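Order of listing sets the numbers, starting from 1, for every ligand and every atom in it. Remember, it's a predicted structure, so these values are computed and weren't measured experimentally.
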Amino acid sequence: MTDNWTTLRELLLPAATAGGRGRAVESALRTAIRDGQLAPGLRLPSSRDLAAQLGVARGTVTAAYGQLTAEGYLTARRGSGTSVASSLGGPVTSPTPVPPARPWRYDLRSGLPALSEFPRAEWVAATRSALTELPDEALGYPDPAGLLELRAELTAYLGRVRAVSASAEDMVITHGGAEALSMMTAVLRTHGHTAIGVEDPGHPGQLDLLREPGLRPVPIPVDAAGIVVSALPQEVRAVVVTAAHQFPLGVALNPARRHALLAWARSRDGLVIEDDYDAEHRYDRPALRAMQAMDPARVAYLGSVSKTLAPALRLGWLVLPPWLRAATVSRKQLTDLGCSPLPQAAFARLLRGGGYDRHLRRTRTAYRRRRDALLSAVATHLPSWQPIGVAAGLHVVLRLPDGVEDSVVSQRLADHGIHAPALSGYTRLGTYPGLVLGYAATTPDRLRDVVREIAAIAR
Ligand SMILES: Cc1ncc(COP(=O)(O)O)c(C=O)c1O
C-alpha cells in the first residue's frame, strides 16, 4: 500500500507543484488511471492525506476525486474511502490510436474539395449568429426532416442554381449524400424493391451502401451520352444516376437519354435517384438543369456540401416526390432522430447572406486554374494519355493507351508515393484503362510537378 501511495505521489507531484491550473491534479490522476499506472481496485489515500502529501489545498483533491468518480474512473464508498474503479475489468487504457493514413507525397484521389479554402471566418460568424438567434426550444430534439429555415433557404438556392422544383416540405436534411442514399434504399426496400440500377463505372463505396438494406446493385453501362437506358433490366425499378457529371467519367446525361430515363421510370412506377454531387463546379459549359425539374414525381434529388464546403460537415439533403416523403422522414426519425440544428442553422445563414455563393465563385476560379494546370502538363508530358470529362467537377479521368494495365500503373505510382487510383477499381463491367485524378485539393505548381514525375515513372 505504502509503495502504491509513493507511486501515486510521484505521479501527481509534478502536476501539483506546477501550480497555476486548478485541474492539473485531476488531469494527472485521470491519465495515470487511463494508462494503467494505478491498478484497478487500488485504494487511494483520504483527500486530507493526499492534499498534505502533495502540498495542495484539500479542496483540490476532493474536487478531483468527485469529478473522476462522476466520470467512472474512481469509486467512492462510505466507510471504505475512494478506490480506482475495477468495474472496467482491468486497466483503463486509452483507445488504440488509429494508424495514420499512408503519407502520400501526392494524393490525387477524387472527391475532395480544397479543404484549405474552407470559409472558416464566415462559418464562425454564421455559427455565432445562429447561436445568438436560435430560441432555446431549437436546442431540444429537432424536426427529423431538418431545420425549416435551412430547408427554405436551400430549396430557394437549388431552384435558382439547379432549377430544382420544390418547397421546404419536400426536403429532408441528411448526414451527407451517403445517408440520403442509404435512407432512400431502405425506403425502396419497404416498397418491394429488391434490385437497383447503378452506373458502371461508378462510385465503389456506393455499392456497399446500397447492399446494406438488402438491395442488389445491378451495374448498367455508361457511354458518351451517359447511362445506357436500354440496358436497364426488367427486375429493376429504381436507378441512381449522376446526370450532371457522371462519376467518374464526367459525361453529362444527354437530353434524349434524360427523357428516355424518365419515361422508363413512369412506365414501371419507378424512381430515378439523381445524385447531384458536384454540379456547382463547371467551367466550359452552361449549367444543365437538374433532372428533378423535368419530373419531380419520379426523381429523388440528392446533394451535399461535401464537394463545395467540406465533407466533415456531414450535411446533405434529399428532395423527394410526395409519395416518398412521409416514409423517409419516419426512417430518419427511427435512425437518429434528425440532424443537429446548429450546423444547419449556420449553413442557412451562409446561404442567406450570400457567403455560399461568394465561396463557390472563389473556389470555381481556383479549381479552373488547377484543372488547366493539370491538363496543360498532361498535354506536354503525357500526350498519349487522353483526359476525359474535363468540363466540370473536381476530377478528370486520364485514359491510358489500350493494352496498358491501369492497376499496374497505379501501383507503380503508389510505390513512388503518388496516389492515383485506377479506373478499373470503379467498374465491374470493364472499361478502358485509366486513372481517376482529383485536382481540386492540389495547387497548380504541385500538379505540374506530379505530372512531370508520373511521365518519368511511366517511361
Ligand atoms: C458520386 C458521389 N456521390 C455522393 C457522394 C457523397 O458524399 P457525401 O456523403 O460526403 O455527401 C460522393 C462522395 O465522394 C460521390 O463521389
Side-chain angles (χ1 to χ4, degrees), residues 101 107-115 118 146 150 154 158 162 171-186 196-213 217 219-220 222 226-227 238-253 272-282 288 290-292 299-319 332 335-336 339-340 343-344 347 356 360 367 388-389 392-397 419 421 423 425-428 436-441:
D107 190 352
L108 300 178
R109 92 189 109 142
S110 66
L112 280 182
L115 301 178
F118 183 80
L150 175 59
L154 251 180
L158 293 171
R162 304 290 301 123
M171 180 175 273
V172 177
I173 302 297
T174 65
H175 290 116
E179 194 202 16
L181 191 57
S182 175
M183 282 205 300
M184 234 15 345
T185 49
I196 185 162
V198 292
E199 295 167 327
D200 191 299
H203 194 307
Q206 205 174 66
L207 301 180
D208 293 332
L209 215 126
L210 297 171
R211 280 192 199 106
E212 208 278 327
I220 312 294
V222 172
I227 191 166
V239 63
V240 188
V241 291
T242 46
H245 186 238
Q246 202 276 331
F247 185 83
L249 297 184
V251 295
L253 189 60
V272 174
I273 300 175
E274 180 175 20
D275 180 358
D276 210 28
Y277 69 106
D278 75 350
E280 272 92 351
H281 306 299
R282 133 187 62 75
L288 296 165
M291 275 186 82
Q292 189 272 356
V299 179
Y301 172 93
L302 67 90
S304 86
V305 298
S306 293
K307 308 284 185 276
T308 53
L309 289 170
L313 292 175
R314 305 313 302 137
L315 203 46
W317 47 87
L318 263 172
V319 175
K332 182 67 181 154
T335 316
D336 63 2
C339 295
S340 165
Q344 294 185 60
F347 185 37
Y356 192 58
L360 288 175
Y367 296 155
I388 311 267
L394 304 178
H395 72 274
V396 297
V397 168
H419 189 25
L423 181 60
Y426 296 73
T427 175
R428 286 187 288 166
V436 182
L437 302 186
Y439 52 79

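- Distances below 4.0 Å separate heavy atoms of F247 from the following atoms of ligand 1: 1 (C).
- Aromatic rings from Y367 and Y439 are positioned such that their centres are separated by 6.0 Å or more.
- The residue among D275, L112, L209 with a heavy atom at the shortest distance from atom 4 (C) of ligand 1 is D275.
- Here is the list of ligand 1 atoms found below 4.0 Å of a heavy atom in G177: 8 (P), 9 (O), 11 (O).
- Each of the atoms 9 (O), 11 (O) of ligand 1 lies under 4.0 Å from some heavy atom of G176.
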- Task: Might you work through the side chain to side chain donor-acceptor pair (under 3.5 Å) test for E212 and S182, ending with a clear yes or no?
- Result: CA-CA 8 Å; E212 208 278 327; S182 175; 5.4 Å; no
- Message: For H395 and H245: C-alpha separation, side-chain torsions, deciding distance, then whether ring pair (Phe, Tyr, Trp, His ring centres under 6.0 Å) applies.
- Response: CA-CA 10 Å; H395 72 274; H245 186 238; 5.4 Å; yes
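- Ligand 1 has no N or O atom lying under 3.5 Å from any N or O atom of H175, backbone or side chain.
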- Message: Evaluate T427 against D200 for side chain to side chain donor-acceptor pair (under 3.5 Å), listing each step before the verdict.
- Response: CA-CA 6 Å; T427 175; D200 191 299; 2.5 Å; yes
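- The nearest heavy-atom contact from the protein to atom 12 (C) of ligand 1 is K307 NZ, 3.4 Å.
- Contacts with ligand 1 closer than 4.0 Å are made by no heavy atom of P311, backbone or side chain.
- Within the 4.0 Å heavy-atom criterion, the part of R314 lying near ligand 1 is the side chain and not the backbone.
- Looking at H281, its side chain does come within 3.5 Å of a backbone N or O of K307 through a donor-acceptor pair.
- In this structure, the protein non-hydrogen atom closest to atom 10 (O) of ligand 1 is S306 OG, 2.5 Å.
- Electrostatic pairing of K332 and E179 counts as a salt bridge here, judged by a charged N lying under 4.0 Å from a carboxylate O.
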- Message: Applying ring pair (Phe, Tyr, Trp, His ring centres under 6.0 Å) to H203 and Y277, what does each step give before you reach the verdict?
- Response: CA-CA 11 Å; H203 194 307; Y277 69 106; 8.2 Å; no
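- For atom 15 (C) of ligand 1, the closest heavy atom belonging to the protein is H203 CD2, 3.2 Å.
- Those atoms of ligand 1 with a heavy atom of A178 less than 4.0 angstrom away are 8 (P), 9 (O).
- Any N or O atom pair closer than 3.5 Å counts here, and G111 shares no such pair with ligand 1.
- Among all heavy-atom pairs drawn from L309 and P113, the shortest one is O-CG, 4.0 Å.
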